[in-house]
Amino acid sequence: MLSPDKDNNSNIEVQKKQLLTAIVQAKQDGLGNEEIIEFVREALPNAMVFYAETVLKQIDFRAKLSRPVVEFDLDFLFQVIYESVIAGTKDEEILSICAEHCTLNQYEFVRYALEYIHLNRMPSQWEQNNVYQKMIEIVNISPIESLFEYIESIKNIYLKQIGYEVVRENLYNLFLNNKPISYFTDLANKSRDNCIKNYCCRTAVLVARATDKPIALKQAVDGSIILREPKYLDSDIATNEIVGSSILTMGQAGKLLVDTLEDFNINAKYVDAKNGPTFNRIRVKLGRGVSYKKVEDIGNDLVQQLGEELGLKVAPMVSVVPGGVVFDIPRLDRQFAYFRNYFTFEGEPDIHSVSIPGGVDVDGTYVEIPLYSDNVTHILGGGRTRGGKSQFEKAAILYLVRRYPPSVVRLALSDVKRVTFGKFDGLPHLVAPVARDAESTANLLDYLVEEMELRYQEFERHSSIETIAHYNLRFAPDFVMPRVICLIDECFDLLSDDNYCDRIETALMKLLAKAGGAGIHVLLYTQRPDKNVIDPLIRSNFPAKTAFVTTRPEDSCIILGDDKDKRAVYLLGYGDFLYKTTEVIRLQALYVADDEDPEYFQQLLLEAKNQNDPYTAWQSGLDFDEFVASLYGERNSNDRGKSKATAVTKTKQHKTDFEGNFNFKVQLDEEARNSIFNLHQKGYQLDEIVKAVFNLSRQDGRSYKKFRNVVEEFLNSLKGSEEDDI
């Protein structure tokens, strides 16, 4: 005897077979999907309506792939698969149909396309809410390890991000419940997801700090997390015991310092002390009539007198501050200021206040560098190897591309060392590929000069507009003029190049003189700030300076623009730097840790490429490749008759490559025109139409611009014909 449940299931299967037969017959009779669904809705329960919709989607999917063609266009195939996935068709059904109708190579493409779509598609709000609720249920009834397993089973990167948020929240609750360090390291070892491992390790470090048990973690060959000795920024000055804070309190250290100054006939009074991540700062007030010059170069004497008591291995920096003189005592237990600990990238960016990360001051306060400020505009920076200059530059780029969309911030990068900026190639924010030699850098700077002139011409067309700030206040958010940040690493090699030095210097002088008002900012960095190489006129036009540790006192003077300021030579390296505008602040730069945590770094780059860009950028119409091609064309005509055959040959080849790659025409067939017209009638925006019809987005660069212009011309022609009809 069959149970009622089995009888019920049997009846449902019979109804589905009957319904499937009826739908196939209705499609053969020429009925549309909406008519069929309407009949089913009137005659059958909701469950059958859902089944009917699924069957119709499968039939449509088969029909699209049953066209009488030899091979499917891959773009068309991808679009059909994407629509089917969104509609809820199972992977097995899609693969089964494609195996029947596709070639072997196309079937392989389908498999990779499915994996890509599942990984990168943006899930609906309903799906996100459903996954979030599922995770909350898992946490409420099971150990947190079950949540880890569920997140690891999710392919989609956006749904994984929801899981990571839930993990962070629960780890924080466990931290508040006073779980031991070993609990979190065990959790890290139980997860195969590197992001979750990192969250667990960071929580373990927080527990260690809260319990005064400094630790550091590393990953073994088998992937497990193990404890090791504390990590210091400079192994040469690191010790196993923390001397500065364990032997003396800061008050005691201050009193000892004042007593030592008295021995040198320097009358001073202890004021206060602060603990920073890189150094401890003791402030004293000099007695009446005591000149600052008496203490300016006393650092080495303090090492000799107080080296053991204060843990001094190198001379402390001595500076004047309002109300006194400060002595910066290097910390032996120096801490990293991790980039990831200071930014969450939540909320909308302020398009009127574009900034880059500065660092952390002695109070532990994060300080940003506002590029929109008249006191910044352009930045000159330098310092010796391992000073932290490259980390500062990478933090600036990573922050800009992740915080701001390409319509708000564009980047022009030059890296003749070829090792610092290569990771950022391919970002939609770049106005051109990363320049890797003097020639391409000269082209890039000439392009920015031309862009600057076009921007000022745009300002002239509107009364009372003088700067990019005025322009964006008037036209944003309808139109946004993007700021362009030109970051040049190791300018010494560029300005020492005999062939391109003059071009680079001339372009730099023009940009430094007036590009700031047009929203083009130059950040110039070097390891060797030689006064004979970097023209004084160039140096004087940088209102902001960032000085990392230098080898020679004169290098400090050149970077800071002060013949008497030698303080950069006392910096500690590894991101310890001086930031100078109207005043000088000592900061610890943020550490990106792209080598230690490559998953986080790559995740931010991926988010930067795929971030939503709701603004429409003002465009000068100046294309970099076209500009360079015309630039070489002009130089060829000017060089005619001169003995520069090598340069001419290279130019011709460059121009030929340009014409071969980018001088293509886009012609719309009847199907494309109908699709564009239908989407336009439904209210789709221009960018959305290009994405839907040609599967192109802003990330596709010049190809996207070509197709977008053609679609725009077609739509304008429609508007013109409508007006003629009227």
[X] [atom1]: over 12 foreign heavy atoms closer than 6.0 Å:
X      : atom1 : result
Lys423 : NZ    : yes
Asp498 : CG    : no
Glu712 : CD    : yes
Lys417 : NZ    : yes
Lys566 : NZ    : no

> Quick one: does Tyr447's side chain have a donor or acceptor within less than 3.5 Å of a partner on Leu622's backbone?
Replying inline: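 Such a contact is found between Tyr447 side chain and Leu622 backbone.
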> Taking the side chain from Arg418 and the backbone from Arg436, do they hold a donor-acceptor pair closer than 3.5 Å?
Replying inline: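 Yes: the side chain of Arg418 pairs with the backbone of Arg436.
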> Is any side-chain heavy atom of Leu590 less than 4.5 Å from a side-chain heavy atom of Tyr366?
Replying inline: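 With C-beta onward as the side chain, the pair touches.
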>> Using side-chain heavy atoms (C-beta onward) and a distance below 4.5 Å, is Tyr615 in contact with Asp613?
In response: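 In short, these two side chains touch, coming nearer than 4.5 Å.
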>> As a quick check of understanding, evaluate side-chain hydrogen bond (donor to acceptor under 3.5 Å, both in side chains) for Tyr525 and Ser390, giving each step before the final call.
In response: CA-CA 9 Å; Tyr525 284 86; Ser390 296; over 6 Å; no
Mind telling me whether [Y] and [X] have parallel, tilted or perpendicular rings, with 30° and 60° as the class edges?
X      : Y      : value
His462 : Tyr471 : perpendicular
Phe345 : Tyr399 : tilted
Tyr456 : Phe459 : perpendicular

>> Determine whether Thr582 and Asn375 satisfy the following criterion, side-chain hydrogen bond (donor to acceptor under 3.5 Å, both in side chains), listing intermediate values before the conclusion.
In response: CA-CA 7 Å; Thr582 55; Asn375 293 324; 4.9 Å; no
> So, Asn129 and Gln125: side-chain donor and acceptor under 3.5 Å apart, yes or no?
Replying inline: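 Short answer, yes.
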Strictly by salt bridge (charged side-chain N to carboxylate O under 4.0 Å, His left out), give each pair with a member in [range] just once, sequence neighbours left out.
range            : result
residues 374-383 : none
residues 345-362 : none
residues 460-474 : Glu458-Arg461

> In this structure, which one of Leu454, Leu511, Thr506 forms a side-chain contact (heavy atoms from CB on, under 4.5 Å) with Val449?
Replying inline: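 Single side-chain contact (heavy atoms from CB on, under 4.5 Å) partner of Val449 among Leu454, Leu511, Thr506: Leu511.
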> Can you list the residues that meet the side chain to side chain contact (heavy atoms under 4.5 Å, CB included) rule with Leu606, with sequence neighbours excluded?
Replying inline: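 In terms of side chain to side chain contact (heavy atoms under 4.5 Å, CB included), with neighbours along the sequence ignored, Leu606 is linked to Ile157, Asn610.
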> Which is it for Glu393 and Asp489 under the side chain to side chain contact (heavy atoms under 4.5 Å, CB included) test, yes or no, and what are the steps along the way?
Replying inline: CA-CA 8 Å; Glu393 294 167 344; Asp489 188 44; 3.0 Å; yes
> Do Arg503 and Tyr500 meet the cation-pi criteria used here (NZ or CZ under 6.0 Å from the six-membered ring centre, within 45° of the axis)?
Replying inline: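 Ring-cation test returns no.
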>> So that I know where these two stand, are Phe339 and Tyr591 an aromatic pair - ring centroids less than 6.0 Å apart?
In response: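 No, ring centres 6.0 Å or more apart.
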> What residues, two or more places apart in sequence or in another chain, satisfy salt bridge (charged side-chain N to carboxylate O under 4.0 Å, His left out) together with Arg384?
Replying inline: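 If we apply the salt bridge (charged side-chain N to carboxylate O under 4.0 Å, His left out) test to Arg384, skipping adjacent residues, there are no hits.
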>> Holding to ring-ring contact (aromatic ring centres under 6.0 Å, His included), I want the full list of residues that pass it with Phe542, two or more places apart in sequence or in another chain.
In response: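 None.
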>> side-chain hydrogen bond (donor to acceptor under 3.5 Å, both in side chains) for Arg567 and Ser319? Distances and angles first, verdict last.
In response: CA-CA 8 Å; Arg567 286 179 292 173; Ser319 307; 3.0 Å; yes
